[in-house]
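The sequence lines fix the lettering, A, B, ..., with proteins before strands; numbering per chain opens at 1. Because the structure is predicted, anything quoted here is derived from the model rather than measured.
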Amino acid sequence: MHPYRTHNCAELRQDHIDDTVKISGWIHRKRDHGGVLFIDLRDTHGLTQCVVDEGSPLLAEVEKIRPESVITVTGKVRLRPGETQNATMPTGEVELYIDEIEVQGAAEVIPFQVAEDDGAGEEIRLKYRYLDLRREKMQKNIRLRNDVITSLRERMKGQGFQEFQTPILTASSPEGARDFLVPSRLNPGKFYALPQAPQQFKQLLMMSGFDKYFQIAPCFRDEDSRADRSPGEFYQLDMEMSFVTQDDVFNVIEPVMRGIFEEFGGDRTIHSDFVKIPYLESMMKYGSDKPDLRNPLEIVDVTEVFARDDVEFKAFKGTIEKGGVVRAIRAPNVGDQPRSFFDKLNSWAQGEGAPGLGYVLFKDGEGAGPIAKFIPAAAQEELKKISGAEDGDAVFFICNQELAAAKFAGAAREAICNAFPEGHVAAREQGEFKFCWIVDFPMFEMDEETGKMEFSHNPFSMPQGGMDALENQDPLDILAWQYDIVCNGIELSSGAIRNHKPEIMEKAFDMAGYDKQVLEDKFGGMLNAMKFGAPPHGGIAPGIDRIVMILADEPNIREVIVFPMNGNAQDLMMKAPSTASAEQLKELNIKLDLPKAKVKSEAA
RNA sequence: GCGGGCGUAGCUCAGCUGGUUAGAGCGCCGCCCUGUCACGGCGGAGGUCGCGAGUUCGAGUCUCGUCGCUCGCGCCA
């Protein structure tokens, strides 16, 4: 007989009755009745009830073994008597009568409960992640993650993509997020950077003649965390292909996404259309470049109404005179909402730093609410016309400079939708995945603080119109072959048709204020490669953690990562990051120059 | 870097307007219990109320500072 097990903890059935079997696992629960004692033995597959029968010499020993200890038990499978069968357990018809028991790994008293969700906080869960991972929900999430990744691989391979591995120690790049740096011992004073994405490598693979690349790629970015952004590192389904247009990339990735969400989405439905929304339209209608299309509210521009001479709302007029805009959101059928509905939204807006959230409620044929008196009837009619509002609807207003107004209107659109009671006509749709492509991103944007022109997204994107556009269009009007894919308000990925022409590359970087020397220094490898025959190519890189997070219906991305860091990019279990020894630093030619406050807290 | 929330037993939390010995559930320890499956019963241990200052006759409770966690903004494919 095998030393540890003949079956796993989910296998035993009536077929096994009278067999002598051996199973191993963790003690999930113990129920001690004095004479007879039950153990639910757990492994990753399931649970099996084991019995220490009355009069067994093992009783005293077993009573002392704590929950979460690992044991191996040997004994005979027996049918459970009549009404003691448990229909809620797959193995509930039978039980194992223990003849022998061996403790493989004793457990001390555990800091939180594994067998049930006792609400333990994240800090302690991360410190004892291996205990947390034993819990049913985490096992399920991680299994889902594994299944998703397997399926992604198969779907990509099925479309003829080859899987690659690219370097982890590589060069820093000036665009994008902050890099993680790794000092080089062999090259004093020099540093590797961890890749923010294998961007250049995958493009170089295209230039190397591989047609279709993909990788389950680790990416490293030294940026602050969010609920949907794991600090430090995350994984992408990174892909790139040659001789393609934007539509070709969409046609490859849409069936992958649709397939994954159908396969693992349970009873949630996927909208068949992956709607394409130009960036500018998305910012106007949804106030965001990652709109949640389950929210039916739309934003409209009503600047002209508030600019009318007969409208006397000074707060908005002043902003309009300084070039600002007024955006409006129609909230349907809120005539019967209590005053608190509007007050809560107003205090939400104030909490966001706005003066408030003005509105007009159209009720009984006239406009009501705090600012209605500044808007004469004719102008109110105009507002109704533009926003589509009818009697019983309210229209909320946001006034600011264009970008700020768009962003705040986007936030207000979400806040208003969230404020609707359950079952409201405009409440967020449930049980759906609504995808969209955001396309036609601007190539450049103006940094509001410095007034300098910058790449608005990826500097390697091909400008629409190529060299001609760069030379002859207003830079701020140039669009890029740059796209994002969004699901339920979460940005899953962005991608682009890349710039594969060195002269366009040089021109674009020049326009973004990069010296030719910088381009040489930082992207010399790829720029050179472009001069030796580069195919047109493009790709995309959907975030795997986010996909799994949506599929698992988890509000926090750390719930689908085995060993995540906390919000401050610390691994509480492994105690990373940690200090380096004097020897290590010396070897790397590094001297520390720490801020005073840090030194103090370190000492304390 | 900024703003909101939280910090009380191993875990999750209660503790009203400041007032005697800070509570509950789970867990833990002991005893009892022959069929449970969140087993049950009786008893018990366990607290720097994050830390530091202040106000007060008196602070878990009020004030200020500080640290930690978390959510959001900034930042960021």
Side-chain angles (χ1 to χ4, degrees), chain A residues 28-40 47-56 59 63-64 66-68 80-89 91-92 95 108-128 131 175-179 196-197 199 219 221-232 234 236 238 289-290 347-348 350-353 407-408 411 414 438 441 449 455-461 482-486 490-496 540-543 546 555-556 558 566-568 570 572 597 600-602 604:
Chain A
H28 189 66
R29 281 205 175 86
K30 256 183 359 184
R31 289 176 295 280
D32 186 353
H33 290 255
V36 64
L37 183 151
F38 301 99
I39 292 173
D40 290 337
L47 290 172
T48 298
Q49 174 163 286
C50 306
V51 187
V52 179
D53 201 10
E54 59 175 307
S56 167
L59 190 62
E63 275 177 337
K64 284 188 206 128
R66 289 207 180 86
E68 292 308 312
R80 292 207 208 175
E83 57 289 4
T84 71
Q85 292 193 5
N86 187 341
T88 64
M89 281 172 84
T91 61
E95 56 197 354
E108 293 180 4
V109 174
I110 49 179
F112 54 83
Q113 295 316 109
V114 170
E116 62 195 271
D117 181 3
D118 63 357
E122 198 172 23
E123 201 171 353
I124 195 157
R125 288 177 54 210
L126 290 180
K127 183 173 175 189
Y128 301 95
L131 292 180
E175 99 304 337
R178 262 185 297 270
D179 287 314
Q196 296 183 24
Q199 181 65 35
C219 304
R221 292 176 195 163
D222 185 6
E223 292 300 330
D224 290 351
S225 72
R226 290 286 184 278
D228 65 352
R229 197 159 83 206
S230 151
F234 61 96
Q236 293 180 334
D238 195 37
D289 59 1
K290 43 178 181 177
S347 37
W348 165 82
Q350 287 171 343
E352 297 289 305
K407 281 188 183 172
F408 191 61
E414 285 295 300
I438 306 298
F441 277 85
E449 279 170 29
F455 289 114
S456 64
H457 266 62
N458 188 316
F460 306 124
S461 303
Q482 167 82 43
Y483 37 83
D484 281 5
I485 189 168
V486 174
I490 295 181
E491 182 194 320
L492 290 183
S493 172
S494 47
I540 193 165
R546 280 189 185 169
N556 191 304
R558 295 185 290 272
N566 72 0
N568 293 321
Q570 297 159 343
L572 301 173
K600 214 170 100 190
S601 76
E602 195 99 351

Table of protein N/O atoms under 3.5 Å from nucleotides 28-31 of chain B N/O atoms:
residue	atom	partner	partner atom	Å
B:C29	OP1	A:R66	NE	3.4

**OP:** Spell out yes or no: do the side chain of A:N568 and the base of B:G68 have one donor N/O and one acceptor N/O closer than 3.5 Å?
**Re:** no
**OP:** Could you tell me whether A:D32 contacts a base, only the sugar-phosphate backbone, or nothing, with contacts defined as non-hydrogen atoms closer than 4.0 Å?
**Re:** base
**OP:** For B:C39 versus B:U17, give the span between their P atoms, rounded off to a whole number of Å.
**Re:** 39 Å
**OP:** Please evaluate the base of B:G35 for a donor-acceptor partner in the side chain of A:E95 within a cut-off of under 3.5 Å?
**Re:** yes
Original post:
In which ranges does RNA chain B form stems of 3 or more consecutive Watson-Crick or G-U pairs, distances under 3.5 Å?
Top reply: B:1-7 with B:67-73, B:10-13 with B:23-26, B:28-32 with B:40-44, B:50-54 with B:62-66
Subject >> Per A:A177 side chain, nearest of listed nucleotides B:C76, B:C69, B:G72 >> reply: B:C76
Original post:
Donor-acceptor pair under 3.5 Å: do we get one between A:D40's side chain and the base of B:C37?
Top reply: no
Original post:
Nearest of B:G72, B:C11, B:U70 to any side-chain atom of A:A227?
Top reply: B:G72
Subject >> Nearest-Å distance once atom C1' is located in both B:C13 and B:C49 >> reply: 13 Å
Original post:
What nucleic acid atoms does A:L47 come within less than 4.0 Å of, heavy atoms only: base, sugar-phosphate, or nothing?
Top reply: nothing
Original post:
Hey, is NZ on A:K290 packed in by over 12 heavy atoms from elsewhere, all under 6.0 Å?
Top reply: no
**OP:** Compare the minimum distances between each of B:G35, B:C76, B:U70 and the side chain of A:R229, then state the nucleotide with the smallest one.
**Re:** B:C76
Original post:
Hey, which of these two, A:F234 or A:R226, hits RNA chain B nearer its 5' end, going by closest nucleotide?
Top reply: A:R226
**OP:** Determine the contact category for A:D118: base if any of its heavy atoms lies under 4.0 Å from a base atom, sugar-phosphate if only primed atoms, P, OP1 or OP2 are that close, otherwise nothing.
**Re:** sugar-phosphate
**OP:** Would you indicate what A:G92 reaches in the nucleic acid, counting non-hydrogen atoms under 4.0 angstrom: base, sugar-phosphate, or nothing?
**Re:** nothing
Subject >> Distance between C1' atoms of B:U8 and B:G15 (Å, rounded) >> reply: 9 Å
Original post:
Donor-acceptor pair under 3.5 Å: do we get one between A:E123's side chain and the base of B:U70?
Top reply: no
**OP:** Answer with base, sugar-phosphate or nothing: what part of the nucleic acid does A:E63 contact at a heavy-atom distance below 4.0 Å?
**Re:** nothing
Original post:
Going by ring centres under 5.5 Å and near-parallel planes (under 30°), is A:F38 stacked on B:U36?
Top reply: yes
Original post:
Side chain of A:Y483, backbone of A:S494: donor and acceptor closer than 3.5 Å?
Top reply: no
**OP:** Quick one: list whatever passes side-chain contact (heavy atoms from CB on, under 4.5 Å) with A:R31, sequence neighbours left out.
**Re:** A:R29, A:H33, A:F38, A:D40, A:Q49
Original post:
What nucleic acid atoms does A:G35 come within less than 4.0 Å of, heavy atoms only: base, sugar-phosphate, or nothing?
Top reply: sugar-phosphate
**OP:** Using the P atom as the reference point in each nucleotide, state the distance between B:C31 and B:G54 in Å, no decimals.
**Re:** 50 Å
Original post:
Base, sugar-phosphate alone, or nothing: which one does A:G121 contact when heavy atoms must sit under 4.0 Å apart?
Top reply: sugar-phosphate
Subject >> Of the listed nucleotides B:C11, B:C75, B:G35, the one nearest the side chain of A:F112 >> reply: B:C11
Subject >> Whole-Å C1' distance, B:C16 and B:U61 >> reply: 10 Å
Subject >> Position toward the 5' end of RNA chain B (nearest nucleotide), A:G567 or A:R546 >> reply: A:G567
Original post:
Is A:E223 paired with A:R229 through a side-chain N to carboxylate O contact shorter than 4.0 Å?
Top reply: no
